[in-house]
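Report on the following structure.
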Amino acid sequence: MKRFFKMILCLCIMFVFGIKGAKAYVGEHVNLTKQEIDNVWSYHYRNGDIWSYGQLPFRYANDKLVYCIEPDVRIATNDYIVYDFNRSGYSEEKRKQMELISYYGYKYDNHNDIKYYIATQDLIWRLSPDEEIKWTKGGEYGEEIDVSKEKNEILSLINKHNVLPEFNDSITNIKVNEKKEFIDANDVLRNYDIEYSSEIEVIKDNNKLIVTPKKQGEYTIDFIHKKNYDSGTFLYDNFSTLTQSMAIFGAPNIINGSMKIISDKVDVNIYKKDLDTKELIKDKGIKIKIKDLNTNKYVTDILEFDDGKINISLKEGKYKIEEIKTVNPYLINDGLEFTITKDDVSKEIDFFNKKQEGKILINKINENNENLENVKFNIYDSNNNLVDEINTSNTKTASKVLPLGKYYIKEISPNYGYELDKNIYEIDLSYDDTIEYITKELDVINKKIKCEISVFSISGDIKLDSDFEVYDLNNNLVYKGTTINGEAKFNLEYGNYIIKEVSVPNGYKLNDNEINLEVSDDICSSKITFNNDKVIMPITSKENDFSYFILLFFNVIGYVFIKKTS
Amino acid sequence: MSLLRKLVKIFLIVSLFILFIPVTKEINLKKKVEKVIENNNINNIYSGFIYIPKFDYKNLIKEGDESLDENLVELTNFSDKIDGNRVILAGHNNKYVFNKIYNLNIDDQIIISNFITDYNYKVVDKKVIKVDDFSYFNEDKSLYLITCTNNNQERFIIKAKREL
C-alpha cells in the first residue's frame with residue numbers, strides 16, 4: 001500500500017514538473033539562451049548622449065522568445081528566475097501595450113523578417129522613459145537599419161486590435177449553392193480564425209470571406225481572434241545580479257464576433273422548351289409569373305425568359321408557374337406546379353410550350369351552295385412538298401393537323417358533272433395566340449359542266465314561237481323557255497331530263513310528246529325538235545235538214561189531192 | 001187517176017215514216033247520252049259530256065272528226081282535256097248539237113264533265129270569228145263552244161269562264 005502511495009506521489013511530482021517544463025511558473029529558475037544576429041546593433045541615447053549599446057540577439061527562456069524590457073541595463077547572467085510581471089515596475093497599461101506589441105510584432109502572421117524582431121524590441125524599449133534608440137549594422141555611425149515601416153504596421157495592427165470584421169453581427173441571405181464574397185473594409189479579417197458549420201462552405205482569403213451554403217438553413221460564422229501565444233505574461237529577472245529584466249508576453253485581451261447566414265432559398269432554373277423537340281426556345285418575349293400556392297400570391301414580377309432560361313430563388317413551398325405571354329408559334333402553357341422541399345439545394349424545371357397547329361377546312365360546294373363529295377385535293381407546303389391529300393365528304397372536310405405556315409391547295413379531280421377548278425389557293429395558317437388551333441376555311445366552288453341544248457318548234461316549214469319546259473326525273477321544273485323563230489338554246493347540267501312543249505301559237509296543235517334527254521360526258525349537245533300540226537277549225541255547218549219540211553209540204557199536198565179525188 | 005192516187009198514198013205512207021226519222025234520231029241520241037252517262041262511260045269512248053241547263057241540253061263529248069258526224073260534241077284537236085285549262089268544243093249548228101247556243105246569254109250556266117268531276121262555267125262572251133282566227137281562244141280556265149254561222153264562212157263562239 002505504501003508503495004502504491006509512493007507511486008501516486010511520484011506521478012503528481014512528475015505532473016507538476018511536467019507542467020513546469022511546458023509553461024513558465026513563478027519562481028522557476030530558467031537558463032536563458034541566446035542566438036546571435038549578425039550586424040544588428042542598438043544604440044541608446046539619453047539627453048543626446050549615447051548611454052549604452054549592444055548587439056541584439058534572440059534570447060529564449062524555455063525555448064520561448066523573450067524580450068528585453070530594460071534597454072539600458074546590462075545582462076549579467078543567464079540564470080533567470082520567473083516572476084510575476086508586476087515586479088517589473090511597469091504599469092498595467094504599459095504591460096498591455098507590451099503584450100499588444102509582442103502579439104502583433106515578430107512572428108505575427110507574415111512578420112518573419114528580422115526587421116519585425118528589431119521593430120518589436122524597439123517598440124517595447126521605447127515604453128521606457130526617455131528612450132532614444134538608433135539601429136545600425138555595426139558601430140554608432142554604421143549603416144542604419146530602418147524599421148519604421150515595420151513599426152508603423154505593428155502599431156496600425158495594435159490600433160485595430162479591438163476592431164471586428166465589418167460584417168460582424170450582420171445577417172445575410174444567401175441562396176443554397178450561391179457563392180457570396182464579403183470583403184472586410186475594416187481590414188482585420190486576417191486577425192481572426194473562423195468557425196462554421198459543415199453545411200456551409202467558407203473560404204477565408206486574406207481580407208475576403210467567400211461563403212457558399214450547401215443546404216437550406218441558418219448558419220453562424222464565428223470570428224475567433226487569433227492566439228499567437230499559449231503562455232501568460234511573465235517577468236524573467238535575477239534581481240540579485242542586477243541583470244536586465246526580460247519578459248515573455250501572452251495574448252492580449254481579445255474579442256470575438258460572428259455573422260449570420262440565412263440560406264432559405266434555392267436556385268430555381270426554369271427552362272423554356274419545345275414540347276416536341278425538347279429543345280430550348282430562345283426567342284425573346286415569353287413571360288411568366290410565379291405564384292405561391294400556399295398564400296395564393298405572386299412571388300415574382302413578370303419574368304421574361306432570356307435565352308430560354310429564367311433563374312430565380314425561392315423558399316421551401318408549393319408554387320405555380322403561370323405563363324403570361326408566349327411567342328409565335330407557341331401556345332400558352334396552362335401552368336406548371338412545382339414544390340421546393342427543405343432538402344432541395346436547387347431546382348431545374350422544364351416548362352414546355354406546344355407549337356400551335358392548324359387545320360384547313362375545305363368547303364367544296366357548287367353554285368347552289370351544296371357540298372360536293374369525292375372531290376380530291378392535294379395540299380402542298382411552301383416547299384412544294386405534298387403534305388396531305390383530301391377527298392371531300394358531304395360536309396366541310398378537314399385536313400390533317402398541320403404546322404403553321406403557308407399552304408397551297410390544288411384540286412386534282414372534280415365531282416362528276418363539274419368543271420375542274422384550276423386555281424391554286426393559298427392558305428396561311430398564321431399564328432394566333434388567342435386560340436388553340438388555327439382553322440382556316442376555304443370555299444371552293446365548282447361550276448357544273450353545262451351542255452348546250454337546242455330546241456326547235458316547227459310546223460312543216462313554219463317556225464313557231466312555242467313554250468317548252470324541262471323537268472328532271474323528280475318532275476322538278478328545271479328550265480322554262482320559248483322558241484324564238486322556232487329555235488331556243490339553253491344550257492343543261494349533266495342529268496336526265498324530260499322536255500315538254502307546253503304551248504304553241506294559235507292555229508297549231510301542241511305536240512304532247514315528252515322527250516327524254518340524257519346530258520352526260522358522252523351526250524353533251526342535243527337538238528330537240530317539236531313538230532306541230534296546224535289546227536283546222538272544225539266544220540260545223542250541218543244545219544237542220546229542210547228536206548223534211550219539203551217532204552211534209554208534199555205530204556200535205558198529197559193528202560189534199562187524195563181528199564179531193566176521193 | 002186511181003194509180004196516181006195509189007202512188008200518192010204510198011208516198012204519203014213512206015214520207016210519214018221518213019218524217020219520223022229525226023224524231024227517232026233525237027230520241028235515240030238522248031237515250032244514248034243518258035245511257036253513257038249512267039254507265040259512267042264504261043267503254044271509255046267519250047271524253048265527257050256537256051249539259052246546258054237553260055235548254056236542258058245534254059250531249060256527249062268525243063275526240064275526233066267523226067264525233068261531229070255522230071251529232072256529238074267534238075273535243076277539238078287544239079283543246080285541252082275536259083279538266084284542262086282551255087276546253088274548246090265544237091258542234092254542228094243543228095238541233096241535235098249546238099243550234100241553241102245562239103240563244104245563250106251572259107251568265108248562263110254550262111256544265112262539262114269528264115264523268116268524274118263536273119266543271120261549272122258561266123258564259124262571259126259570245127263572238128263571231130273568222131275561220132282562221134285562233135287568237136280568241138287564249139283565255140285560261142275557259143270553255144269555248146264553236147259552231148258554224150254565216151254559211152260556214154265564220155264561226156260563232158261562246159266563251160264561258162270556269163267557276164271555282
Side-chain angles (χ1 to χ4, degrees), chain A residues 457-469 477 480 482-483 486 500-514 530-566, chain B residues 1-2 4-16 18-23 25 65 67-69 71 73-74 76-80 85-86 88-99 129-138 145-156:
Chain A
S457 181
I458 55 172
S459 178
D461 295 333
I462 300 168
K463 295 172 181 175
L464 304 178
D465 294 347
S466 306
D467 296 328
F468 62 93
E469 290 175 352
L477 178 67
K480 196 172 179 180
T482 303
T483 55
K500 301 175 186 176
E501 194 175 57
V502 293
S503 74
V504 289
N506 289 324
Y508 295 93
K509 189 180 176 185
L510 187 74
N511 185 331
D512 52 8
N513 287 331
E514 293 184 350
F530 289 101
N531 282 304
N532 299 90
D533 295 333
K534 191 167 173 51
V535 175
I536 298 169
M537 191 69 80
I539 299 169
T540 52
S541 61
K542 194 176 181 182
E543 296 179 356
N544 291 330
D545 192 351
F546 290 100
S547 59
Y548 287 101
F549 294 101
I550 295 166
L551 186 62
L552 184 60
F553 175 73
F554 282 112
N555 276 353
V556 172
I557 291 173
Y559 177 73
V560 172
F561 172 74
I562 290 170
K563 274 279 185 185
K564 283 188 175 178
T565 56
S566 62
Chain B
M1 189 66 178
S2 62
L4 182 62
R5 286 181 61 186
K6 278 185 180 178
L7 286 172
V8 171
K9 283 181 180 176
I10 292 166
F11 168 76
L12 283 173
I13 291 165
V14 172
S15 61
L16 279 174
I18 292 170
L19 282 173
F20 273 101
I21 287 173
V23 178
K25 210 171 170 182
D65 295 338
S67 53
L68 290 176
D69 298 334
N71 282 323
V73 177
E74 179 188 348
T76 62
N77 66 353
F78 53 100
S79 169
D80 295 337
N85 190 36
R86 280 176 237 170
I88 303 165
L89 305 176
H92 283 307
N93 57 354
N94 60 21
K95 67 172 183 176
Y96 307 111
V97 196
F98 277 173
N99 69 341
I129 63 169
K130 300 285 183 190
V131 292
D132 55 353
D133 180 10
F134 292 89
S135 62
Y136 189 61
F137 307 106
N138 60 358
L145 305 182
I146 303 171
T147 193
C148 286
T149 187
N150 195 16
N151 197 22
N152 203 26
Q153 296 303 303
E154 293 175 320
R155 296 291 182 271
F156 177 79

Subject >> Crowding at CZ, B:Phe134 (>12 non-hydrogen neighbours, <6.0 Å) >> reply: yes
**OP:** Kindly compute the distance separating CE (A:Met537) from CZ (B:Phe137), expressed to the nearest 0.5 Å.
**Re:** 4.0 Å
Original post:
Which atoms of B:Ile10 come close to chain A, meaning under 4.5 Å heavy atom to heavy atom: side chain ones, backbone ones, both, or neither?
Top reply: neither
Original post:
How would you list, by chain and number, every residue that makes a side chain to side chain donor-acceptor pair (under 3.5 Å) with A:Asp512, sequence neighbours excluded?
Top reply: none
Original post:
With a 4.5 angstrom heavy-atom cut-off, which part of A:Ile557 approaches chain B: side chain, backbone, both or neither?
Top reply: neither
Original post:
Which heavy-atom pair separates B:Phe78 from A:Pro538 by the least distance, and what is that distance?
Top reply: CE2-CD, 4.3 Å
Original post:
Could you give the distance from CG (A:Leu510) to CG (B:Asp80), rounded to the nearest 0.5 Å?
Top reply: 8.0 Å
Subject >> salt bridge (Lys or Arg N to Asp or Glu O under 4.0 Å) partners of B:Lys130, counting only residues at least two apart >> reply: B:Glu154
**OP:** Can you establish whether the number of heavy atoms outside A:Ile536 located under 6.0 Å from its atom CD1 is more than 12?
**Re:** no
Subject >> Under 4.5 Å from any heavy atom of chain A - which part of B:Thr76 >> reply: side chain
Original post:
What's the verdict on side chain to side chain contact (heavy atoms under 4.5 Å, CB included) for B:Thr147 and A:Thr540, showing C-alpha distance, side-chain angles and the deciding distance?
Top reply: CA-CA 5 Å; B:Thr147 193; A:Thr540 52; 3.9 Å; yes
Original post:
Which atoms form the tightest heavy-atom contact between B:Leu4 and A:Phe561, and what is the distance?
Top reply: CD2-CZ, 3.3 Å
Original post:
In terms of heavy-atom contacts, does NZ of A:Lys463 have more than 12 from other residues, nucleotides or ligands at under 6.0 Å?
Top reply: no
Subject >> Proximity breakdown for B:Asp65 and chain A, heavy-atom pairs closer than 4.5 Å >> reply: neither
